[in-house]
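Working notes, beginning with the structure itself.
Protein chains get the first letters and strands the later ones, always in sequence-line order, with residue 1 at the start of each.
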Amino acid sequence: MSSAPSSGGVLKANRLGLPMAEYKGLDSTLCAGCGHDGITSQIVKAFFEYGVEPYRVAKFSGIGCSSKTPAYFIGNSHGFNAVHGRMPAVATGAMLANRTLLSIGVSGDGDTASIGIGQFVHLLRRNIPLIYIIENNGVYGLTKGQFSATADVGSKLKNGIVNELPPIDCCVLGIELGCSYVARSFAGDPKQLVPLIKGAIAHKGTALLDVISPCVTFNNHEGSTKSFKYAKEHEELLHEIGFVPFFEQIQTDYPEGTVKEVELHDGSHLRMRKLDRDYDPTNKPQALQLIRKSHEDGELLTGLLFYDGEKKDFIEEINMIEEPLATLPDERVRPSEQALNEIMEEFR
Amino acid sequence: MSNATLTARVADAEIGRRPEEIVNDFSIQVATVNGSGSQSANSVLMRSIFLMGVPVSGKNIFPSNIAGLPTWFTIRANKDGYTARRKEVDICIAMNPETAREDVLKARPGAAIIYEESFNLSSLRSDVFFYPVPFAKLAAQATTEPKLRKLLVNMIYVGVASHLLGVGRDEVVAAIQKQFKSKAKAVDLNIKAVDLGIDYARAQLLKKDPFQIQRMNKTADKIIIDGNSAAALGAMFGGCTVVTWYPITPSSSLCETMIEYFSQYRIDPKTGKATFAIVQAEDELAALGMVIGAGWAGARAMTATSGPGLSLMAEFAGLAYFTEIPAVVWDIQRVGPSTGLPTRTSQGDVTAAFYLSHGDTKHIILLPGSVKECFEFAGAALDLAERFQTIVFVLSDLDLGMNNWMSDRFDYPRKPLDRGKVLSKEDLERLGKFERYLDVDGDGIPFRTLPGTPHPLAAYFTRGSGHNERAGYSERPEDYQNLVDRLARKHETAKQFIPKPVIDIQPQASVGIIAYGTTDWAILESRDQLRNEKKIETSYLRLRSLPFTGDVAEFVTRHERVYVVEQNRDGQLADLIRLEVGPHSPRIRKVLHYSGLPIDARTVTEMIAAAETAARKEQ
């Protein structure tokens with residue numbers, strides 16, 4: 001696993017007194033240099049720095065390279081590697097059963113935007129309390145390099161096949177469909193990703209993070225629009241304004257409205273452009289407009305694109321009690337004998 | 001009835017004399033247009049007979065359509081309590097101009113035909129009794145509102161029929177009050193319409209047909225309910241906490257009824273908040289996915305569907321089986337394959353449900369045969385799912401789920417909920433060790449922990465891929481075999497916990513019958529017909545669950561021939577039994593009914609009698 005640069009002073013233990021090791025999982029079995037391992041590191045760091053009780057966390061995934069990663073972080077939490085494209089339903093059910101869980105789902109672009117698009121859009125509509133990370137490389141890694149539905153027009157596979165179909169922009173979907181926290185980032189940018197994940201931890205509805213995560217084996221070549229090289233040259237960062245109060249610690253070390261070269265974990269440099277402080281992530285039309293413009297400019301617009309802190313999540317929407325449904329005692333889930341008698345009388 | 005009396009009755013009809021009375025033993029078929037609002041009227045007619053103390057059942061034979069296509073409602077009144085569908089129509093209420101001719105031609109000789117006068121049907125036959133009624137004109141007298149007029153027509157035929165059959169006006173009024181509850185205006189209007197019918201019949205119609213309702217005392221403690229409502233109530237009293245569903249006929253009303261009752265009886269009195277979650281999912285895949293997520297996190301979760309939904313659930317069913325997560329799926333079977341006949345009944349999903357998923361899978365299946373069992377099995381299914389940490393299917397069908405059945409009142413469940421082998425924080429503290437898929441007790445059932453358990457030993461990783469006893473990823477051949485062999489052992493253990501078959505052995509009988517689900521009601525009647533008319537004594541095993549317990553093989557070996565009666569083309573259960581009994585499989589004979597209409601006793605009797613005649617000749 002590649003080591004992430006620290007965002008500020010190095011903590012030995014978090015506010016719960018737990019060391020970072022408590023937030024790690026098994027060793028990754030993904031290809032060396034995989035973007036996904038970078039994201040795993042940022043998840044570990046964010047949960048550690050935020051100080052989340054590991055037992056409160058429930059991890060979910062579907063099928064694919066990305067979906068293997070929940071085994072690689074927060075080992076002392078329950079995890080569920082479900083079926084392909086169906087993680088949203090499983091996570092939804094778990095949150096209904098126990099609303100006190102802090103849920104994080106990790107998916108890929110195929111798992112989300114191809115086979116899983118049906119469940120994904122309904123997850124967004126419901127605003128289920130869930131951090132949903134898409135490790136987006138535009139390619140199927142585990143079946144050795146086929147296009148997914150987020151592959152850009154013109155991207156080329158190793159065998160020379162060029163994608164001519166328009167990509168699905170999961171962030172646009174999220175904003176359109178009522179997701180209350182929509183961000184895009186890059187696997188090789190811990191400085192941006194860690195605070196975004198912390199913000200997602202603090203958020204109560206669905207927090208969608210579309211993280212461009214280049215596939216070193218199948219998609220990291222000149223013709224691919226989701227290679228490290230391409231992403232680094234085309235990334236444009238939004239500054240995370242309006243979102244600061246939800247973070248415990250935010251490390252920003254460059255001023256707004258400037259352009260900065262940032263060194264990434266592999267030693268290369270990323271050219272980031274920060275938007276001015278007046279970028280308002282609660283402005284839906286503006287967010288959509290900026291994303292569209294970034295498509296036209298061939299750039300990756302990153303940062304917190306949209307945020308709605310007021311929106312009720314699904315659990316509130318259906319007026320569920322505060323305690324987990326899972327562990328309610330018999331007498332609270334079985335109505336009285338008198339109730340049955342009353343009902344039987346209706347059918348006389 | 002012998003042919004001689006039938007001929008006599010037809011002759012009576014022809015010469016206008018009144019034949020001998022037939023009391024509390026006939027069927028009524030009301031033919032209307034779908035969407036004409038006849039359902040309330042039909043319920044009132046059925047309930048008023050029920051209130052006369054006479055056993056009844058009501059079955060809706062309806063099209064897959066919102067309005068405009070023909071629909072039939074059949075009411076069977078039977079003093080002996082036979083409530084299966086009866087093939088013969090004794091009283092035909094012909095209100096649909098599209099089907100009226102065919103309806104009249106299909107009625108049995110000697111039938112009573114109540115019909116809209118303007119249809120001019122009386123020349124069609126001479127062996128039935130015609131009662132023309134100017135329904136439209138009568139309705140016009142009652143109201144000037146055209147929309148209301150249409151609805152009142154329905155209640156007018158209730159008045160006419162009740163008068164001709166001798167159903168008391170008090171009973172009809174009580175049934176109307178029940179139907180429209182506190183809506184005083186609707187109650188008044190409908191009583192008025194019924195009286196129009198009664199008055200017209202009294203003044204204008206001369207009773208000539210033999211069919212009569214006379215007061216009995218056979219329904220005093222009974223209820224009338226549909227199986228879906230019964231299942232909804234059973235789940236509510238069975239402590240169900242998470243319900244997901246995707247609308248599909250004929251299962252939708254199960255979850256809709258849950259919404260109704262849960263909203264009333266499962267609101268926490270202190271906070272006014274729900275002790276449940278009911279979610280309409282985007283499809284059946286999501287519905288089962290949510291149930292599995294909820295079951296994993298410790299909820300008692302279920303969904304309800306029908307054939308097409310079951311097909312979609314196959315992948316998730318395998319996940320629940322392989323990862324050992326409690327889940328309950330009600331399949332209200334309809335006619336398949338594909339869209340099939342969405343509004344017709346079938347028992348065609350037995351094999352599909354039993355083996356649902358790729359790979360080696362077999363599931364626990366419950367087979368309720370009555371509304372009372374729908375109530376009881378709803379709770380039992382949730383218990384079994386948690387006890388065995390697996391997916392449990394409950395196979396009802398459209399006939400049971402959507403039609404009206406008379407039943408004893410449901411008993412309040414007194415057994416505590418079975419939450420299965422779940423380790424708490426304290427347990428973990430005490431044990432100092434936890435391996436998710438280790439067979440500690442030798443019964444094939446491992447222990448589990450729920451997410452959110454505040455103990456470092458609690459966490460484990462659930463995966464649909466190969467795993468070892470510690471829930472770690474594994475592709476090792478011995479780990480895989482160890483796992484699937486334990487799952488098979490767990491399936492064996494289940495045999496001690498699932499509902500046992502109901503067995504009636506007649507010591508001298510060489511013939512046995514095996515059936516399940518709604519087929520039971522036809523068998524109940526058919527066994528009497530076989531005994532009384534055909535001199536064939538039968539034993540009977542009514543199966544109530546899968547996997548098979550030893551009782552089935554024992555029953556088969558006790559009898560020379562065993563007729564497995566079911567409502568599908570291929571004899572799905574019969575084939576499963578053949579596998580089960582191996583060398584005795586030649587004893588198994590298939591008796592099949594698969595027209596989409598509920599099975600009737602006469603069909604069963606004739607098929608078994610014919611097969612028996614052939615078999616005895618061979619000997």
The interface call for Ser407(B) against chain A, heavy-atom contacts under 4.5 Å, is neither
Between Thr92(A) and Val279(B), does a side chain to side chain contact (heavy atoms under 4.5 Å, CB included) hold up when you go through it step by step? CA-CA 10 Å; Thr92(A) 299; Val279(B) 179; 5.6 Å; no
Chain B heavy atoms under 4.5 Å from Ala339(A): which part of the residue, side chain, backbone, both or neither? both
With chain B as the partner, which of Ser67(A), Ala58(A), Ser77(A) has the greatest number of non-hydrogen pairs under 4.5 Å? Ser77(A)
With sequence neighbours excluded, what pairs up with Tyr437(B) under the ring pair (Phe, Tyr, Trp, His ring centres under 6.0 Å) test? His467(B)
Would you call Lys273(B)-Glu316(A) a salt bridge at under 4.0 Å N-O? no
Say whether, by atom type as modelled, one donor and one acceptor occur between the side chain of Arg463(B) and the main chain of Phe80(A) under 3.5 angstrom. no
For the pair Glu337(A) and Arg414(B), find out whether any cationic side-chain nitrogen is under 4.0 Å from an anionic carboxylate oxygen. yes
Show the numbers, then the answer: is there a side chain to side chain contact (heavy atoms under 4.5 Å, CB included) between Tyr412(B) and Asn341(A)? CA-CA 9 Å; Tyr412(B) 187 72; Asn341(A) 290 338; over 6 Å; no
Rounded to the nearest 0.5 Å, how far apart are CD of Glu322(A) and OG1 of Thr271(B)? 8.0 Å
For Val242(B), is it the side chain, the backbone, both or neither that has a heavy atom under 4.5 Å from a heavy atom of chain A? side chain
Once the angle between the rings of Phe347(A) and Tyr261(B) is folded into 0 to 90°, is it parallel (under 30°), tilted (30 to 60°) or perpendicular (over 60°)? tilted
Select one option (side chain, backbone, both, neither) describing which atoms of Phe262(B) are under 4.5 Å from chain A's heavy atoms. neither
Between the CD1 atom in Ile225(B) and the CD1 atom in Ile343(A), the distance rounded to the nearest 0.5 Å is 9.0 Å
Winner by heavy-atom pair count (cut-off under 4.5 Å) against chain A, out of Phe237(B), Phe50(B), Tyr265(B): Phe237(B)
Segment of Phe375(B) engaging chain A (4.5 angstrom heavy-atom cut-off): side chain
Show the numbers, then the answer: is there a side chain to side chain contact (heavy atoms under 4.5 Å, CB included) between Met344(A) and Leu233(B)? CA-CA 10 Å; Met344(A) 287 296 95; Leu233(B) 290 172; 4.2 Å; yes
Interchain contact, Leu450(B) with chain A, by part (heavy-atom threshold 4.5 Å): both
Tell me, side chain or backbone of Ala286(B) under 4.5 Å from chain A's heavy atoms, or both, or neither? both
In terms of heavy-atom contacts, Gly75(A) and Ala459(B) come closest through O-CB, 3.8 Å
Out of Ile292(B), Thr453(B), Ile224(B), return the one with the most heavy atom pairs under 4.5 angstrom to chain A. Ile224(B)
Take Met236(B) and Arg334(A) through the side chain to side chain contact (heavy atoms under 4.5 Å, CB included) test and state the conclusion after the steps. CA-CA 7 Å; Met236(B) 181 169 78; Arg334(A) 172 180 277 169; over 6 Å; no
Check against ring-ring contact (aromatic ring centres under 6.0 Å, His included), His78(A) and Tyr460(B): CA-CA 5 Å; His78(A) 279 68; Tyr460(B) 69 93; 4.9 Å; yes
Side-chain donor/acceptor of Asn319(A) to backbone N/O of Gly272(B), under 3.5 Å: yes
Side chain, backbone, both or neither of Ala230(B) within contact of chain A (heavy atoms, under 4.5 Å): neither
Residues of residues 99-106 of chain A within contact distance of chain B, non-hydrogen under 4.5 Å: Leu101(A)
